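Quick caveat: nothing in here was measured; it's all calculated off a predicted structure. Start at 1 with the first residue, then count along the sequence.
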Amino acid sequence: MEGLLGRKKLLESIRNQRRLAEREQKVFTKCAVCGAMVELRAFEEALNTCLHCGEHHEISGKKRFEYLLDRGYRLMSFGAVQRDPIVFPGYRKKLKELCESKNLSDAISVAVGSIRKHPVCAVALEPSFLMGSMGTYLGEELSQAFEYALKKKIPILVISASGGARMQEGIFSLMQMAKTAAVVQRLAEKKLLYISLLANPTMGGVSASFAFLGDVILAEPRALIGFAGPRVIEQTMRQRLPDGFQRAEKLVECGFVDAIAPRGSQRELIARILKLHSL
């Protein structure tokens, strides 16, 4: 009898601990870098930035538009179609599940509005959707966003957060590198401004195409930016890489990135760039 009561008490204690953990999870979030527990409301008010170490965590494109753009902006879609060009096993099902759960059509969101009354077309890659990877849908929507900026003669801002080209679409995803680079060139010929903001991570085919073709290239603090990842490079070269390798600060030091742009100051910084370009 005592053993039964003891097991009941143990089970009740476990249930209480689970309830407490679930309650804390809704109120607090844990920084994956420093391990600190941060109040969820304060974390969101700080634009998904850790209040202890300053780490910039994943944030959706729509939330970026909310803090960057003036009120009254509108979301846009150019009618791209989801494709499964190499009939990758389980890919169609995965796309359908992600579209429903994330309320997204793919790993890209586009908005048209203004920043401090300066008109702009804003594009954000969605890291929660297959790590913001670039497939045929993303390539088409991004190209059409550049075409829209060309037609309206307005600057364009692209915020990249991507693991690179989407492996489930094979060579067709790699073809988007040339496609997006070509339309960026057309924008440059018309002397229209292209601001590229690199978030964590910006890797692979995205970094090797449109992400590094901006007139002004900004990066969020400590963002991982490069082509192959540091572990792949270390294994290939068989030597230890220097501290800060492929991080935003090192790229600024080497001249690949123009400036570090923390989220709290991005709106003002981008507004100043747009204003200077309009003079």
Glu66 meets the salt bridge (charged side-chain N to carboxylate O under 4.0 Å, His left out) criterion, sequence neighbours left out, with none
Test side-chain contact (heavy atoms from CB on, under 4.5 Å) applied to Leu95 and Leu130, step by step
CA-CA 9 Å; Leu95 283 177; Leu130 290 176; 4.2 Å; yes
Are side-chain heavy atoms of [X] and [Y] found at a separation under 4.5 Å?
| X | Y | result |
| --- | --- | --- |
| Val183 | Phe210 | no |
| Val38 | Phe28 | no |
| Met76 | Gln144 | no |
| Tyr148 | Ile154 | yes |
| Arg166 | Gln176 | no |

From [X] atom [atom1] to [Y] atom [atom2], the distance as rounded to the nearest 0.5 Å:
| X | Y | atom1 | atom2 | result |
| --- | --- | --- | --- | --- |
| Glu97 | Arg92 | CD | CZ | 14.0 Å |
| Glu140 | Glu147 | CD | CD | 9.0 Å |
| Ile156 | Asp215 | CD1 | CG | 11.0 Å |
| Leu192 | Arg186 | CG | CZ | 11.0 Å |
| Leu150 | Glu189 | CG | CD | 9.5 Å |
| Asp106 | Leu138 | CG | CG | 6.0 Å |

Can we say [X] and [Y] salt-bridge, meaning some charged N sits less than 4.0 Å from an Asp/Glu carboxylate O?
| X | Y | value |
| --- | --- | --- |
| Glu44 | Arg41 | no |
| Arg222 | Glu55 | yes |
| Glu268 | Arg116 | yes |
| Lys93 | Asp84 | no |

Donor-acceptor contact below 3.5 Å, side chain [X] vs main chain [Y]:
| X | Y | answer |
| --- | --- | --- |
| His56 | Arg263 | yes |
| Ser209 | Ala181 | no |
| Asp70 | Lys117 | yes |
| Ser162 | Val206 | no |
| Ser196 | Ala211 | yes |
| Glu249 | Ile260 | no |
| Glu141 | Ser77 | no |

Pair listing, ring pair (Phe, Tyr, Trp, His ring centres under 6.0 Å) test, anchored in residues 103-125, at least two apart
none
I need the minimum non-hydrogen distance between [X] and [Y], along with the two atoms involved.
| X | Y | result |
| --- | --- | --- |
| Val123 | Ala145 | CG2-CB, 3.7 Å |
| Asn48 | Glu58 | ND2-O, 2.8 Å |
| His52 | Cys34 | CB-SG, 4.1 Å |
| Ser105 | Phe129 | O-CZ, 4.3 Å |
| Pro230 | Gln246 | CD-OE1, 3.0 Å |
| Ser128 | Leu98 | O-CD2, 4.3 Å |

Short side-chain donor-acceptor distance under 3.5 Å, Glu126 and Ser109
yes
Take Val27 and Leu40, measure what side-chain contact (heavy atoms from CB on, under 4.5 Å) needs, and give me the verdict at the end.
CA-CA 5 Å; Val27 178; Leu40 188 57; 5.9 Å; no
Remaining members of hydrophobic cluster (4.5 Å side-chain criterion), Leu193:
Leu47, Ile59, Phe65, Tyr67, Leu68, Leu69, Tyr73, Leu75, Ile115, Val120, Leu157, Ile159, Ile195, Leu197, Val216, Leu218, Leu269, Ile270, Ile273, Leu274
Once you measure the plane-to-plane angle for Phe256 and Phe212, does it fall in the parallel (<30°), tilted (30-60°) or perpendicular (>60°) bin?
perpendicular
Do Tyr194 and Phe146 have ring centres separated by under 6.0 Å?
yes
Could you go through Phe78 and Ser143, starting from their C-alpha distance and side-chain angles, then the distance that decides it, and tell me whether this counts as side-chain contact (heavy atoms from CB on, under 4.5 Å)?
CA-CA 10 Å; Phe78 300 99; Ser143 297; over 6 Å; no
What verdict does the side-chain contact (heavy atoms from CB on, under 4.5 Å) test give for Met177 and Met134, after you've listed the backbone C-alpha separation in whole Å, the side-chain angles of each residue and the deciding distance to 0.1 Å?
CA-CA 9 Å; Met177 296 170 62; Met134 178 172 63; 3.8 Å; yes
Within the supplied structure, the quantity of interest is the number of heavy atoms (other residues, nucleotides, ligands) at a distance under 6.0 Å from Phe172 CZ; does it exceed 12?
no
Met131, CE atom: more than 12 neighbouring heavy atoms under 6.0 Å
yes
Here's a test for you: under side chain to side chain donor-acceptor pair (under 3.5 Å), which of Gln82, Glu169, Gln168 qualifies with Tyr91?
Glu169
